[in-house]
Amino acid sequence: MRLLNFLGVPLLVGCALMARAGSPPDALPALEHFDPAQVDKTLDPCSDFFQYACSKWIKANPIPPDMSRSGTFTKLFIWSVSAVHSTLEDAANASDRTPVEQKVGDYYASCMDEATINKLGIDPLKPELDRIAALHDKSQLPEVIASIHQVIRPANLNFIDAEYQGVLFGLYAQPDFDNARITLAALDQSGMGLPGREFYLNDDDKSKEIREQYLKHIAKMLELSGEPQTQAAADAKVILAMETSLARAAMEIIARRDPKNQNNKMSLTQVQALTPSFNWSRYFAAMHAPASPQYVVLAPEFFRGMEKLITSESLDHWQAYLRYSTLSFSAPLLSQPFEDENFDFFGRRLSGSKELQPRWRRCSQSADFDLGEAVGQAYVARYFPPESKQSTVQMVKAIETALHQDIDAATWMSPHTKQLAHIKLAAQIDKIGYPDHWRDYSSLVIKRDDYLGNMQRSASFEINRRMSKFGQPSDRYEWGMTPATVNAYEDTQSNTINFPAGILQPPFFDSKAIEAVNYGAIGAVIGHEITHGFDDQGRKFDDNGNLTDWWTAADAANYDERDKCLQDEYTQEVPEAGVKQNGKLSAGEDTADNGGIHLALAALQNTLKTQGKDLDTAAGNGLTESQSFFLAYANVWCGESRPEAARTAVMTQGHSLNRYRVNNVVANMPEFAHAFGCHSGQQMVHANACRVW
Ligand SMILES: [Zn+2]
């Protein structure tokens with residue numbers, strides 16, 4: 001499953017944000033509601049709309065010390081984790097429990113048992129480390145890597161735009177690019193501890209400084225595991241060099257955005273030919289993987305690089321690499337010194353956070369990550385009323401209608417391409433809130449006194465669940481996010497848009513707000529996800545989710561020209577991140593932002609029309625309908641990132657930073673200029689306004 005999400009960094013995931021004991025709140029924090037009085041009237045909306053809409057909010061809401069950014073998103077995230085936490089506490093302490101409550105309650109309790117975790121130190125990881133130490137020949141790598149892949153939970157599993165964050169390479173299940181109804185095994189580049197290949201290869205001072213710090217971090221982790229200092233320092237150099245080789249072999253981030261570059265289907269014999277020194281039959285046998293009709297090798301050059309590394313590096317070096325990788329992925333589950341060192345590098349240095357998140361919050365996120373569809377049952381029952389689902393379904397329909405109208409009105413598409421675009425849109429499945437059928441975790445053993453074991457068995461449950469799909473029909477109704485997640489996504493191969501219950505809360509969806517506010521907030525999110533099906537990647541897939549070119553050559557050329565306008569516009573200096581943004585990397589997300597708000601505004605306009613109103617009508621809050629819409633849109637993006645997090649985001653993710661998700665978008669819209677009386681020559685009125693959808 002390849003997800004194009006709304007937010008970028010998945011807040012409920014992330015091995016970098018670690019835990020420390022702290023008192024959980026007695027009650028949930030208050031939810032935010034859109035407030036028209038929030039604007040700074042001393043500023044001019046036409047010169048910097050983000051400042052106008054958000055500067056007061058940002059001043060009143062500094063970045064919490066345990067976070068790398070602030071925002072209305074972050075606030076709802078903390079609310080959502082608190083809500084999950086409240087259900088977990090009840091499940092942990094209830095006397096007469098259902099099987100689902102036993103699993104989530106005991107999982108949570110095992111994570112909160114810091115005394116036991118600290119007493120055990122590194123002991124729970126000994127079987128893995130012993131297996132690595134017992135290697136006596138590189139030909140045994142397939143079995144030992146399989147044993148690691150069975151118990152290590154890869155980070156960012158569903159957010160693989162740039163890298164699959166795992167040990168050496170990634171294995172998952174994904175629909176066939178050419179026939180999305182069948183799921184195949186996919187092999188992907190991975191094995192790098194830093195957030196992207198550029199972190200290894202770039203030559204600027206900041207990149208060099210990060211690599212120096214990473215080297216120290218690796219050595220420190222190895223020392224904590226019992227290595228003498230000099231050996232740890234020498235091993236760290238070897239490990240960084242090996243990861244750098246993997247980075248060199250990995251597909252470059254822009255090339256990775258073109259699905260054609262990833263569609264390399266091979267037989268097992270062909271995969272084997274890529275890496276003569278790594279026996280895939282033995283790896284898959286050790287994984288207990290069913291045979292896949294074919295294997296999608298997303299980055300063949302990476303596997304050629306892996307082969308070179310296997311032959312060039314000594315057994316000692318491989319043992320050091322595997323020891324560190326295993327430690328690094330397990331650090332959050334081990335005793336305090338491992339957790340602290342892990343946070344110091346990934347949390348403090350790479351993301352700019354000042355302190356660990358409280359332990360209750362971290363344990364709640366972890367339970368949601370591993371048992372999301374068990375945790376989600378109580379969450380949805382308590383916090384997601386059926387009316388929220390009904391209202392969202394209606395808005396989704398209204399916004400899809402707006403895209404049908406937009407396609408009809410497009411002057412740059414031929415009737416043939418338009419017809420196929422309509423068919424694709426009509427075939428899209430809208431998933432709202434939570435799955436129709438909950439995942440069955442009954443075969444997963446959860447023990448109240450074994451946190452690392454719970455995590456390892458959960459990882460194993462998940463990888464086996466994914467492998468069981470090899471060669472099987474794809475399930476379009478499966479979810480790639482848990483119900484409590486504050487995010488949304490589009491999945492092109494299943495042709496679905498997905499809105500977890502977690503984001504259907506104020507200030508995104510607010511049952512007490514006027515329609516203009518809901519269309520500006522959650523409506524733009526919905527429009528964003530729908531547009532992904534028609535962005536520079538999505539448009540290459542048809543109604544069935546197959547990688548098929550259904551555009552006439554002339555229409556495709558017109559599309560590319562419009563798309564290039566956005567790419568040029570977003571290729572810009574981002575001073576707060578200290579790096580330049582590459583509009584080719586963010587093209588899909590920027591297209592979705594720009595298209596999403598257009599569609600939401602058109603849907604609002606249609607709705608108002610049925611009530612005898614238009615966008616200029618007074619909305620009863622001191623603003624017009626369209627002013628309310630645009631301010632509610634900006635409100636979703638109020639907030640800022642720490643410079644470290646901003647830099648990583650601009651370099652590795654498709655999402656523009658908040659300020660640009662507001663200003664670049666509205667400056668492309670004549671409707672915005674009209675709403676706030678802006679005129680040409682002002683900053684929020686682009687002379688060369690871009691528009692795809
Ligand atoms: Zn997106």
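Residue numbers run from 1 in the order of the sequence given. Just follow the structure's listing: the first ligand is 1, and inside any ligand the first atom is 1.
Checked against a 6.0 Å centroid threshold, the rings of Trp551 and Tyr559 count as neighbours.
In this structure Lys75 satisfies the salt bridge (charged side-chain N to carboxylate O under 4.0 Å, His left out) test together with Glu32, sequence neighbours excluded. Partners of Asn264 by side chain to side chain donor-acceptor pair (under 3.5 Å), not counting sequence neighbours: none found.
Here the shortest heavy-atom pairing between Ala634 and Phe49 reads CB-CE2, 3.8 Å.
Distance check for Glu490 against the Zn ion (ligand 1): none of its N/O/S atoms falls below 2.8 Å.
Considering the Zn ion (ligand 1) as centre, the angle to NE2 of His528 and to NE2 of His532 is 90° (10° rounding).
Its N, O or S atom nearest to the Zn ion (ligand 1) is what matters here, and for Glu589 that atom is OE1.
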